[in-house]
S.K.: 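Before we start, here is the structure in question, set down as structure tokens.
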Protein chains: 2
Amino acid sequence: MIDQSSLETARKFLKDRGLRATNPRVLVYGLLREMGGHHSVDGLVAQLENRGIPVPRMSVYNVVTDLQHSGLIMCADCGPGRALYEASDEWHHHFVCRICMEVTDVPCILGRKPCLVPPGSAPGTVDEAQVIFRGVCYACQAKLQS
Amino acid sequence: MIDQSSLETARKFLKDRGLRATNPRVLVYGLLREMGGHHSVDGLVAQLENRGIPVPRMSVYNVVTDLQHSGLIMCADCGPGRALYEASDEWHHHFVCRICMEVTDVPCILGRKPCLVPPGSAPGTVDEAQVIFRGVCYACQAKLQS
DNA sequence: CATCTGACTTGACGTTGTCAAATCTAGGAG
DNA sequence: CTCCTAGATTTGACAACGTCAAGTCAGATG
């Protein structure tokens, strides 16, 4: 129920990083690559369930944590609430609609970290700057006017 | 158990915005002003409890939501997890330590919103750009070396 | 001081994330 | 190919965070 080439690619990428290509890892990473976009842990669990491949919730939590540490996936900073993960190959930021809460990727000017440094003195060494753009998406603006 | 002048100021600021100066609002907002920094709802509840002023958790949730809509306090974007609130008078960003998770304010270059606009085309109208700087604070760096 | 509307309170509940202990398996050694 | 073992998965229970609805209360106005 998951695209075979996505699973193959997932398996390869896992091994390239020295990670054991276990079933949950291949499935979760393959699914994230196949679907694209931003997904919560429980969303992934439900998606796998729907496709007839039940995976324990805890396993998905373990997988996303491991994959994130290896840099294969990233956690999208979108403010408080559930964590959203995405399989992404390059550094970017996010736009969040205040109405529908939809998250959209926004390219980073530099494309590498850190793309911004604090003005003046920071309280530590900065290695990454995540930007969250907030506003109202065009779809919601259209709905508001009707 | 809360600084009287903070409570007075809180009461005044609430009325200035046309908000009813109810007990929970004055207490929560006064406490946030007195303490400074970033605090979760449950942290505020515990703080009030410790000071002998029990306030229902739901009331604090209501208060922070109302105050945020009025612009008296802001919710600090610090990634997934619990929401952190702060009584702040000017727009700024945050530095989050990867080790101790401590949140520190970082001044905004412009000091007004939106201080950044997405490169190229955004999927909507941007009215605000929150930046989260991540890294390791100097205190944790010192601990790591010992 | 009376009134009324908005705010507070209460209790219960759904979701998200974490922990520890037992079981299993991917991948290398023989 | 088979065995072995460190590492990963699974299970169940639990804690933290946030939300909902219905009933009660009190701040602001006249």
Side-chain angles (χ1 to χ4, degrees), chain A residues 7-8 10-31 38-49 53-70 72-73 75-86 101 103, chain B residues 7-8 10-31 38-49 53-70 72-73 75-86 101 103:
Chain A
L7 294 181
E8 288 307 323
R11 202 179 307 271
K12 177 179 179 304
F13 278 36
L14 283 165
K15 295 211 172 180
D16 284 355
R17 303 264 172 153
L19 294 178
R20 283 164 64 171
T22 67
N23 229 27
R25 286 179 180 174
V26 174
L27 289 170
V28 169
Y29 186 42
L31 183 61
H38 312 81
H39 303 275
S40 69
V41 167
D42 286 300
L44 292 169
V45 171
Q47 191 62 232
L48 289 165
E49 180 74 40
I53 318 164
V55 177
R57 211 162 58 98
M58 188 68 218
S59 296
V60 178
Y61 273 104
N62 287 333
V63 170
V64 293
T65 303
D66 296 343
L67 296 191
Q68 191 182 7
H69 284 146
S70 318
L72 282 178
I73 68 177
C75 177
D77 273 319
C78 300
R82 73 175 82 182
L84 296 178
Y85 297 92
E86 60 181 328
M101 300 304 280
V103 179
Chain B
L7 293 181
E8 289 307 324
R11 204 178 308 270
K12 177 179 179 305
F13 278 37
L14 282 164
K15 296 210 172 179
D16 284 355
R17 303 266 172 152
L19 293 178
R20 284 164 62 170
T22 66
N23 229 26
R25 285 178 181 173
V26 173
L27 289 170
V28 168
Y29 185 42
L31 183 62
H38 312 80
H39 303 274
S40 68
V41 167
D42 287 305
L44 292 169
V45 171
Q47 192 62 232
L48 289 165
E49 179 74 42
I53 319 165
V55 176
R57 211 162 57 97
M58 189 67 217
S59 297
V60 180
Y61 273 105
N62 288 333
V63 170
V64 293
T65 302
D66 295 344
L67 297 191
Q68 190 183 6
H69 285 145
S70 317
L72 282 178
I73 66 176
C75 177
D77 272 319
C78 301
R82 72 175 81 185
L84 296 178
Y85 297 92
E86 61 181 326
M101 299 306 279
V103 178

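Letters A, B, ... mirror the listed sequences (proteins, then strands); counts begin at 1. What you see below is based on every heavy atom in this structure, not just the backbone, and it leaves out hydrogens, waters and symmetry mates.
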S.K.: Nearest 0.5 angstrom please: A:Y85 OH to A:L72 CG, how far?
M.R.: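 The CG atom of A:L72 is 14.0 Å from OH of A:Y85, to the nearest 0.5 Å.
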S.K.: Indicate whether OP1 or OP2 belonging to D:dT9 is found under 4.0 Å from a side-chain N or O atom of A:T22.
M.R.: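 Yes, because at least one side-chain N or O of A:T22 sits under 4.0 Å from OP1 or OP2 of D:dT9.
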S.K.: Can you identify which nucleotide, out of D:dC20, C:dC8, D:dG12, has its nearest atom closest to the B:D66 side chain?
M.R.: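 Selected nucleotide: C:dC8.
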S.K.: Whole Å only: how far is the CG atom of A:D42 from the P atom of D:dC17?
M.R.: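 One finds 17 Å between P of D:dC17 and CG of A:D42, rounded.
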S.K.: State which residues pass salt bridge (Lys or Arg N to Asp or Glu O under 4.0 Å) with B:R82; sequence neighbours excluded, sorted by chain then number.
M.R.: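 Not a single residue meets the salt bridge (Lys or Arg N to Asp or Glu O under 4.0 Å) criterion with B:R82.
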S.K.: Take atom CG of B:L27 and atom C1' of C:dC8, then tell me their distance rounded to the nearest Å.
M.R.: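 My rounded result for the distance is 13 Å.
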S.K.: So B:S59, base contact, sugar-phosphate only, or nothing? Heavy-atom distance under 4.0 Å.
M.R.: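 B:S59: base contact, heavy atoms under 4.0 Å.
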S.K.: Ignoring hydrogens and angles, are the base of C:dT15 and the side chain of A:R82 linked by a donor-acceptor pair under 3.5 Å?
M.R.: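 Answer is no: no donor-acceptor pair is held.
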S.K.: Could you state the interatomic distance from CD (B:E8) to NZ (B:K12), rounded to the nearest 0.5 Å?
M.R.: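 Between B:E8 CD and B:K12 NZ, I get 11.5 Å after rounding to 0.5 Å.
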S.K.: Check B:R20, B:R25, B:R17 against B:D66 for a salt bridge (Lys or Arg N to Asp or Glu O under 4.0 Å) and give me the one that passes.
M.R.: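 Answer to the salt bridge (Lys or Arg N to Asp or Glu O under 4.0 Å) test with B:D66 among B:R20, B:R25, B:R17: B:R25.
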S.K.: Specify the residue among A:P80 and A:V63 whose closest nucleotide of DNA chain D lies further upstream toward the 5′ end.
M.R.: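 It is A:V63, whose closest nucleotide lies nearer the 5' terminus.
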S.K.: Between A:R57 (side chain only) and A:V45 (backbone N and O only), is there a donor and an acceptor less than 3.5 Å apart?
M.R.: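 The answer is no, because no donor-acceptor pair under 3.5 Å joins these two groups.
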S.K.: Assuming nearest nucleotide by heavy-atom distance, tell me which of B:R20 and A:A21 is located more 5' along DNA chain C.
M.R.: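 Counting from the 5' end, the first nearest nucleotide belongs to B:R20.
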S.K.: Tell me: CZ of A:R11 to P of C:dT25, nearest whole Å?
M.R.: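 That distance rounds to 15 Å.
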S.K.: Rounded to the nearest angstrom, tell me the gap between atom CE in B:M58 and atom P in C:dC13.
M.R.: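 Result: 16 Å.
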S.K.: If the cut-off is 4.0 Å, is B:K15 near the phosphate of D:dA28, judged by side-chain N/O to OP1 or OP2?
M.R.: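 Result: yes.
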S.K.: Can you tell me how far C1' of C:dC19 sits from OH of A:Y61, to the nearest Å?
M.R.: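 It is 13 Å, rounded to the nearest whole Å.
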S.K.: Could you state the atom-to-atom distance from CG of B:D16 to P of D:dA28 in whole Å?
M.R.: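 Rounded to the whole Å, the gap is 13 Å.
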S.K.: If I take atom CZ in residue A:R17 and atom C1' in nucleotide D:dG7, what distance separates them, rounded to the nearest angstrom?
M.R.: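 For the pair A:R17 CZ and D:dG7 C1', the rounded distance is 20 Å.
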S.K.: What is the distance from NE2 of B:H39 to P of D:dC17, rounded to the nearest Å?
M.R.: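 In whole Å, D:dC17 P and B:H39 NE2 are 14 Å from each other.
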S.K.: Using a heavy-atom cut-off of 4.0 Å across all strands, would you classify B:N23 as base, sugar-phosphate, or nothing?
M.R.: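 Here B:N23 touches no strand at all.
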S.K.: Taking the nucleotide of DNA chain D with the nearest heavy atom to each, does A:N62 or B:R57 sit closer to the 5' end?
M.R.: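 Per heavy-atom nearest nucleotide, the more 5' residue is A:N62.
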S.K.: Give A:R25 one of three labels, base, sugar-phosphate or nothing, depending on what nucleic acid heavy atoms sit under 4.0 Å from its own.
M.R.: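 Sugar-phosphate, backbone atoms only, no base.
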